[in-house]
Structure formats: C-alpha cells, structure tokens
Protein chains: 2
Amino acid sequence: MTLDREQVLRSAAALLIHKSTATMDEVAKAAGIGRATLHRHFAGRDALVKALEDLGIQAFEAALDAARLDEGTAEEGLRRLIAAVEPSAGLLSFLVTENQLFEGDQVHEGWNRADARVSAFFRRGQERGEFRIDLTPAWLTEALYGLIGTGAWAVQVGRVATQDFQYMIVELLLGGARRSVEQ
Amino acid sequence: MTLDREQVLRSAAALLIHKSTATMDEVAKAAGIGRATLHRHFAGRDALVKALEDLGIQAFEAALDAARLDEGTAEEGLRRLIAAVEPSAGLLSFLVTENQLFEGDQVHEGWNRADARVSAFFRRGQERGEFRIDLTPAWLTEALYGLIGTGAWAVQVGRVATQDFQYMIVELLLGGARRSVEQ
DNA sequence: CCCTGATGAGACAATCATGTCTCATATGGC
DNA sequence: GCCATATGAGACATGATTGTCTCATCAGGG
C-alpha cells in the first residue's frame, strides 16, 4: 500500500527530462498514480522539483564517491566519474537547466559541495601536471557539466550511440578535437 | 512612430535568455511597449519565438559566412567561427534549449542548413588530418553548441571572464584538458 | 472478519497567462 | 492644423494549471 516515493520520483524525472513543462497531471499519470496522491506526497510542483534535486544531488555525490577521484591518475578518475554519472546524466542535465532559471534564489548547498569537489579535482590534476593550467578549474567544471548534458541529449535524439556516450565525452574533454602527434 | 521590430526582438531575446519562462507581459515591458502592441506585431508567444529563431539563424549563418571556414587551417576557421558567434551566443543558447523542447515537431530548416555546414566543416577537418577521426562530426557539432551555451552561461554568472570566452571554448574543444607533451 | 488508513476519481474555486477588444491618446505625414 | 494611423492602457472572456476537498473504494493488519 505504501507508495514507492523513489519510484514516483524516478518516473517523474524520466518525464521531466524530456518535457520540462509537463503538468502535475502528466507527472501523476506517468507514475501511474492519481494527481491527488501526488499532491499528498509533494506539496506542489516546487516541492517535487526540490525532491528531484535532492535525488540528483545524492546520485551525483554517490558518483563522485564511486569515482574515487584521488586514486590513480586524474585521467582515470575522470573516466570513472563519467562512467559513474552516466545513469543519472539525464536527470542532472535537467536539474542544471532548471537551476539556471533560479534567478537570485539560493541554490541548493549540495551543488556547491559537488562543484567544490569537481573543481578541486581539476585543480589537483593541474598541480600534478596532468591537466593544462590555462583552462581554469571553474571552466573545466562547467564544461564537464555542459558536455554531460549535451551528451545525454545527443544520445536521446540518436545523434550519438548509447555505447559511445562515455567515450565521446571523455575523449573530447581530455584530448580535444585536434589530432595530435601521438595519434 | 513605426515600431522598431528588430529592437523589440533584441530586448525580448535578452530577457528570455535569462528567464525562458517570461510572460508576454514581461517581454512587452522589457521592450518598453504595451502588451497589445506586442500582440499586434507577433500573433502570440509562438510567433515571437519563431521570429527569434529566424533572428538567431540569420545571426548564426552570418557568423558561418564571416568565419570563412574553408580558408586556412581548420583550427583557424574554428577560431574565427567562435569569435563571430560570440555576440549571439546567448540567443543561440536559448534557441538550442528551446528547440530541445519541440517533441516531434518539425525543426526550422535553417538549423538543418547550419548543422550541415558545421558538420561538414568538422568532416573536412578530419579528412585533412587536422581533426581526430574517432569523434564523429555529429558529436563535435553538438559539443560545439553545448560549449558555446555553457560558455555564455559561465560568463553571465561570472565564472568565466568575458575576455576569456573564446579562448576557453576553442582551447578545450581543440586541445582538451590533458596537458600534452608539446606544452 | 472488521477497521484503519491510503488511494483514485472527480468536483471545485482560485490563479495565471493568453488572446481579443475598445477607447482615448499621441505621433507623423500632408 | 487636420487626419490617418499606431500606440498604451485596460477590460474581458477563455483556457490551462494548480491546490484543496469530498467520497467511494481497496488493501492490509489485528
């Protein structure tokens, strides 16, 4: 009887990723529950998005943990991070876009935590001589988010094969488009 | 007396870039005109977005022309393209996001034209041995759009300095984050 | 088997954005 | 100065969405 809150959130995410303007009624139908029940568990649309935000942050921080960014080379860490983040790429992409709409409102402190970890990772990579120092950690962080979102969308519309998601992102982010001598 | 249609579109773009959900009333106020006048010139919100789309495509195709992608090395062409596109980056970023919402609806043929030009540019670069062949032209095209959008946003929120916009995008797209031997 | 609690369906009012309309005003050409 | 035209302000109806409520139904525990 007890409603599976997690399951509702996951189907809501799946819907909102593709149609960010979906109504509460559509969300409810997608989750296979009534609109009233949806309202009983999430006070309103804002509360629903907030819950999705919590879910996304949790997933992203779990991916950061699973990636063990400190082990091995920075390149290996980045590959593990992108691999770990792939299942949540759509949700994270949705949340990043949604976040950009929040004008001056306070952002979820979880994003700041995650940003700091990613940014620090790129900084360490620079200090160890693995990453270029002329691209700022803040930019590399944003670029990573942007490419994950672009990659998720490209896969969704079929411009990139699902199995190429990780490769395309990692290779572009690490090596760029230029054909270098060692290749 | 004649209303400056171009000026209205530009202020609408400036507003919608930051707040994609702005109402017609807000758009009118931002343009310094009445809502009725706005409706007289643009039948509805859809027509307004369509007009912005035309404006954005026109700007992007003008940038493609100005970049002279065929002259010199592919790298030089890409640098010129990003420089030429910078003034319209915000508008283009908004339109790309907006386009992703159009479910199965037909996309503006202008995007297909532009996509084809960019994609062909990357393909030529590959054929001439300047670009890696393991990253598909379609992905490089999407990544370019994504990075332009990310860059425009990063500049807008102050994470990247305005004068670094071009450099950050071009360098990441071409060379990637990895520190290579020649550096 | 009964009873408690959650659910689904639907009614309902309130809100908001939209699109249309009217009317008074102002601008610019003649 | 006059007139045609465009504009601004606002009223109005409409449709969509939201949030709340009621009520009948159903499932599970005791």
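Below, read A as the first sequence line, B as the second, and so on, with proteins coming before strands; counting in each chain starts at 1.
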Report summary line: Taken to the nearest whole Å, CG/A:D4 to C1'/C:dA6 is 15 Å
Query raised in the report: Rounded to the nearest Å, what distance is computed from the CG atom of residue B:L38 to the C1' atom of nucleotide C:dA17?
Result: 13 Å
Requested in this report: Check whether any side-chain nitrogen or oxygen of A:H41 sits under 4.0 Å from OP1 or OP2 of C:dA6, and answer yes or no.
Outcome: no
Report summary line: With B for base contact, S for sugar-phosphate-only contact and - for none (protein heavy atoms under 4.0 Å), nucleotides 15-22 of chain D reads --SBBBBB
Query raised in the report: Of all residues at least two apart in sequence or in a different chain, which pass the salt bridge (Lys or Arg N to Asp or Glu O under 4.0 Å) check with A:E130?
Result: A:R128
Report task. Please report, rounded to the nearest Å, how far the C1' atom of D:dT7 is from the CZ atom of B:R5. Result -> 17 Å
**Report entry** salt bridge (charged side-chain N to carboxylate O under 4.0 Å, His left out) contacts in which one or both residues fall within residues 142-163 of chain B, not counting sequence neighbours
**Finding:** A:E142-B:R159, A:R159-B:E142
Query - Listed partners of B:F94 passing ring pair (Phe, Tyr, Trp, His ring centres under 6.0 Å), at least two apart - result: none
Report summary line: For A:E26, the side-chain contact (heavy atoms from CB on, under 4.5 Å) test, sequence neighbours excluded, returns A:L15, A:K19, A:A22, A:T23
Query - Sidechain N-carboxylate O distance under 4.0 Å for B:D46, B:K50 - result: no
**Report entry** Results of side-chain contact (heavy atoms from CB on, under 4.5 Å) for B:A138 - residues two or more places apart only
**Finding:** B:T136
